[in-house]
Every structure is written in C-alpha cells, then in structure tokens.
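Worksheet: one structure, shown below.
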Protein chains: 2
Amino acid sequence: MKSKKRTTIYDIAEKLNLNPSSVSRALNNSSSVNDATKKLILKTAKELNYTRNTLASNLRKGHSKTIGVVVPRINQNFFSNVIAGIEDATYKQGYNLIICQSNELYDKEVQCVNTLINQHVDCIVISISVETIDHKHLQNIIDHGIQLIQFDRVADELETLKVTNDNEQSSFEAVSHMIKQGYKRVALLEGPQKLNIFRQRKNGYLRALEENGIPVIPALMIENAWTKELSANATRQLLSLPQPPDAIFASTSDFSALGVLEVATAMNVKVPEELGICGYSNEDFTEITSPSITTIDQFSFYMGKTVANLYFQEMENTDTMVVPKIISIKPKLITRSSTQKTI
Amino acid sequence: MKSKKRTTIYDIAEKLNLNPSSVSRALNNSSSVNDATKKLILKTAKELNYTRNTLASNLRKGHSKTIGVVVPRINQNFFSNVIAGIEDATYKQGYNLIICQSNELYDKEVQCVNTLINQHVDCIVISISVETIDHKHLQNIIDHGIQLIQFDRVADELETLKVTNDNEQSSFEAVSHMIKQGYKRVALLEGPQKLNIFRQRKNGYLRALEENGIPVIPALMIENAWTKELSANATRQLLSLPQPPDAIFASTSDFSALGVLEVATAMNVKVPEELGICGYSNEDFTEITSPSITTIDQFSFYMGKTVANLYFQEMENTDTMVVPKIISIKPKLITRSSTQKTI
DNA sequence: TTGTACGCGTTATCAG
DNA sequence: CTGATAACGCGTACAA
C-alpha cells in the first residue's frame, strides 16, 4: 500500500496510443493541440487520477515556484501575521512557502538558509535572528542567484530588497505623544542594539527628547530589556531611583510593556496618573489590560503582502541591473489609556 | 545577473577529470570511494560553491522529504504553535514544511490539498476548516499514497492517523469544576456542531451536568457563539433572561470568554461572584485580564511534535498493513480567578 | 497538429 | 574503487 506508483504522462499516453509530449502539451493547455484529443487527454487524466509531478516539472523548467521564509519564531504574533500575509499573496500566484524558524540562533539560521538554497527556492525572505552579525550566509544566497528579501530586522550593510517599518519615526511620535501628555521624565527600555530596529527606536526616542528640549538622562535608558522579565526587573530598578521616571517607553515589545504595567501595579504606582506606559507591536492583549496600553501597530499582515508583491514586481522587471529597493511602512501610534495623563 | 548557472556534479567532475557518479558518491559519503579522491572532491565542491539540487535528488529518489501542512489560519496562536512544534521535530530529520492556510474555506482547503499532492509531499498534516463536511479531497490524498495525518479538527469517519485533544474529558472537567465552585446554572457557548471538537465539548458539558444531577436547560445553550462578537451577543441575551445563568462555559475559545467578560463588566455583573467564566485554549491574554480567566491548555506545541513523531514512527513501521493510530492528548484545566466563586 | 529526441541534475545498477 | 549508462517525470526545439 505504501508508495503506490502514481500515474504519469507516460501512462496516459500509452493508454491513448499517443506520444507523451502530446499529453504534456494538452495538460499545459498548449494552443497547438487538437481540441478533440485535448479533451480526451484531460478526461482520461482525470480518470487515472493524474497529478503533475511538480518536482520533475520544476527541475525541467529550472525554478521551483517556491519561496523560503526564515523567521526567528513562527509562533510569534508579528511573524505569524507576516507569514499569513505572504501566504495570502503568493498563493494566488501558485507559489508555495517553505517555512523555517531560526529560534533566534545564528547557527540554525545558517542551516535554514543552506537548506533553502539546496531546495532551489526562487526567493528567500528573512528576518534575521538577534545573534546574527555576520552575513556570509546572506551573501551566499545572492551568490547562488536567489532573490533575497529582508524584512523588519534587516542587515543594513547588505544591498538587497527590503521591507521595513519606519521605527525611528514611530518611536519619535510615541515619545512626543507622551511628552505632550505632560510626562517629563520618559525612560526607555531598549532591545539589543545589534539589531537595527532597536537602534532606530532608540534614535527616535532621542530625537523626540531633543526636539522637545528635554535633557537625555542616561540612568533612564535601560539596555537589553527585551523580554517581559527583563523589563519587569528594569522597571523595579527605575521606580526605585531617587528621581524615578514618570513614563516608560517599552520600545521592544508589548510584552515588555506588560512587564512594566505589572510591576507598577504591584508597587502601587498608578498608571497612567503617576506612570505613563507605551509598548510596541499592538498585540491583541494591549486592548484588554487595565488600563489598556498605548502601543504602535506595525501592519504585520500588510507587511507580508508587501514582501510578496515586491518579489513579483522584481520578477517582472526586465532590466539587467537590479536596483536595490526598499519599502518602508509607516507604523501607526495607537493611543490608549496608559498614556492619558490629562483627561 | 539573474539566474546564473549553478555548479553541478558535472562541473566538478569535469574539473577533476572524474566521472559524475564518483562525485555523487563522494558527496553522499559513500563507503566505496577512495579517501584521497573523496577529500579532493569535497574540497573542490566547496571551492565551486556547490550545493546539491534537492529537486533532482528527490525526483531520482522518489520522495520529497517535505511535509505539507494545511490549517485554517496560520496566525492563530493554537495553530502557529502546532506548526512551530512540527517544524521543531521535522527539521532535525532534514524535512521541509510547506505551509498553507484554508482561511476556513472549503474551496481553498481543496486547492491547498491539490497543490500539496502535486508537490509530491511525503505527508500531509491537516486540521480541517469549519466548512468542510465532504472528505473527497482527503480520500484523494490517501489514494495518491500520501501519508495523511489529521489533528485537532478531524474527520472522524476517515481512518487515518490522528492527533487530537480529549475535548470531551477536558470540558467535563471544566464544567465539573464550575459546579464544585458552587455555580448552579452553567450556560454553554457552542461552536459549529459540524466540527467534531465542538460536538465533543458539548458532550463533556452535558455529561458534567448529568453526573452532578443538574438539569439541562436548552435556553442556556447557545449555538454558533464562536467569535468574540457572537459570544458578546449571546452573553447579552443570556444575562437578560428572567433566570440568567450564574456561569458561562465559552467552549469555543478564549476570545469568546473575553467577549463574555467584557459584556459582563459593561452590564455591571461581577465576575466571578455573580458570574463564573471559563474559556478554552489558554491564550496568553487569559492570564492578564481582570479577573484572570480560567481556561484549558491544549499543549499545542507538544501536539505539533507529536504529529511529527507519529509520522516518523509510521515510516519506520515495516508492516504492510497500516493500522490506524490515534493519539489523544489530555488537555489541562487551568483554574484562575474567573471561576473562584468561593474563596 | 503530432511524433522524435534530448536535457534538467541526481542516483542506482551494472561492469570493469 | 571507478566508469559508463539508464532512469526519475516532464517540457520543448525540431522535424515530420
């Protein structure tokens, strides 16, 4: 029962006393084939339960109609939404998706990329891991003539297609919003500065302070607070300062913001009256905490669609010179209760 | 620059004045090949930046080392966790994952399955859409000699490998728990009864009532309340009853439970004192609502690993007769504040 | 319109 | 241990 032989174009050619090539043509809806025989072929193909062997077809045609996706974690809201967006757009074009997760590990990321290269995928879409500083494996993709698209967490140095969020601007707007609300001492929880997205968010924070004539206080900037636990610790530390902050921008994620909120509540610090909080990503739960959390929506699903469309657009581009193209999506500040100091 | 030619075993054979088959052997670490030449081959392979064409290899070997996964939605916590689990287990064995989403649409599900059959995947893992009542496309998978594994939402009638949750038992335990807490009139929000999982959950509810000697009240059972909005509506309706329920089991999801909680709060009904609430799935947010929501953990990541291991185990099975195998995972009741009537 | 013949890149099976 | 050759299933230029 296992691995029964599947019907091929030979089988149906034999049965019809035809040449396999005719069958192939009919199956591909070629114009130069008699309507009657075409119908006959299609009919018996259905009878024999024929399905094209895409492997053979792709081998012959020299492409795989497959796109490889590498993300740190599949089961993270932002990434699974991006993937859903990519899938939605590529599916209509008959493309398949091969999904890999790096688990934030450099070594596994390299492995994933190599597997995808072996698979002869037509395009690799990647958001790099937090460990990734070396880009040989990405260069390798290009060297193999495979289209490379980076998104969100990108290696700036590499000239490739990119789809990013305007992290700098959105952070700027978030912090400006908090300042306008009347918060005077806004602290920053930073992510690993190896990743460009976290550098950009920090820059936005700094620019907001500067443009509003507010001094930068190093003690209010905490490095590597990019998980809920780390952020909780950082918050305890910040709130114990002689001059504690009156607002915290958890630039790494909403989970960080949640850590802040929980510690503040535990320490009897009133949000938003005594402490403003802003997160990043617009996770579902930010709407239902009490108070609800101000955050930044990244349009993750749309981002996925953009990635896919960028690829298709690039494919149609007949110019020999490949011009690096970068699409920046402007995230949107979602103001909620956690930053409503003034009512 | 586009689609530059990639080096093949011919290229490296030519350069070394060897036969392609020798190169192939060396690359596959065959025992019968001179150590010296093997080293030489491996070295020049690296020099020429060679990577095996998995397409050709798989075509020759007659399998794809690829597993297709079809789920209603990729970006839904439960499913993305299952996928992450599958990926985690299959990756180590050198398998790739092709992911498709049916978007809860029967037609798209059929399309997905057909694509995967075309791709000659070795195995298809599926959780059916809410629309799916006809199973021809699943039978088609089997007819093509492809291993089929159903999980979570399965077609009971089909004899295939299955990995499910024991929905009946967990629902029984959840409702029993509520009754023990002192709730007398427990309402049920049902999902579409087309899906076996929702039928099972209803059965568990009914059995819990029966075994505790509590009468079944049809007015307290609301059909098709399986989104947050539908559940909110249902809750408004229930709480307006002359004899309203004092507890609601949102058997479809935690989102439904959230809808219940929001309406209760808006109507000034105190949770858990005047209304107990239990959800299903253990979404992250259930921990942080106020009050936190009692729910049922499905071990989704583990479920994915189980699916993968079931496949590998089946592959090793040399018996000609394929014995249908069903693995049932026992979910775990997580009791939280929303059902603490007695303190 | 149809048939012939070959190649896509590997691997398996023979000989040698 | 290595070389020659066929085959996996399909698509296509060329000839008929």
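Protein chains get the first letters and strands the later ones, always in sequence-line order, with residue 1 at the start of each.
Computed from coordinates, the A:Asn53 CG to C:dC8 P distance equals 18 Å when rounded to whole Å. Distance CG (B:Asn29) to C1' (C:dA12): 17 Å, rounded to an integer number of Å. Here C:dT10 presents its C1' atom at 13 Å from CG of B:Asp11, a figure rounded to the nearest Å.
Applying the 4.0 Å criterion to OP1 and OP2 of D:dC8, one finds that A:Arg6 has every side-chain N and O outside that range. The side chain of A:Ser24 places no N or O atom within less than 4.0 Å of a non-bridging phosphate oxygen (OP1 or OP2) of D:dC10. Note on A:Thr37: a side-chain N or O is less than 4.0 Å away from OP1 or OP2 of C:dT2. Using a 4.0 Å cut-off, no side-chain N or O of A:Tyr10 falls inside it from OP1 or OP2 of D:dA7.
The side chain of B:Asn19 lies closest to D:dG3, out of C:dT10, D:dG3, D:dG9.
Among the atoms of the strands shown, base atoms are found under 4.0 Å from some heavy atom of A:Ser21. Within the nucleic acid shown, B:Ser57 comes within 4.0 Å of sugar-phosphate atoms alone, with no base atom in reach, counting heavy atoms only. Using a 4.0 Å heavy-atom distance criterion, B:Leu55 is classed as making no nucleic acid contact. Contact annotation for A:Leu27: no contact, since no heavy-atom pair falls under 4.0 Å across all strands. Among the heavy atoms of the strands, none lies under 4.0 Å from B:Asn58. Nucleic acid contact class of A:Arg25 (heavy atoms, under 4.0 Å, all strands): base.
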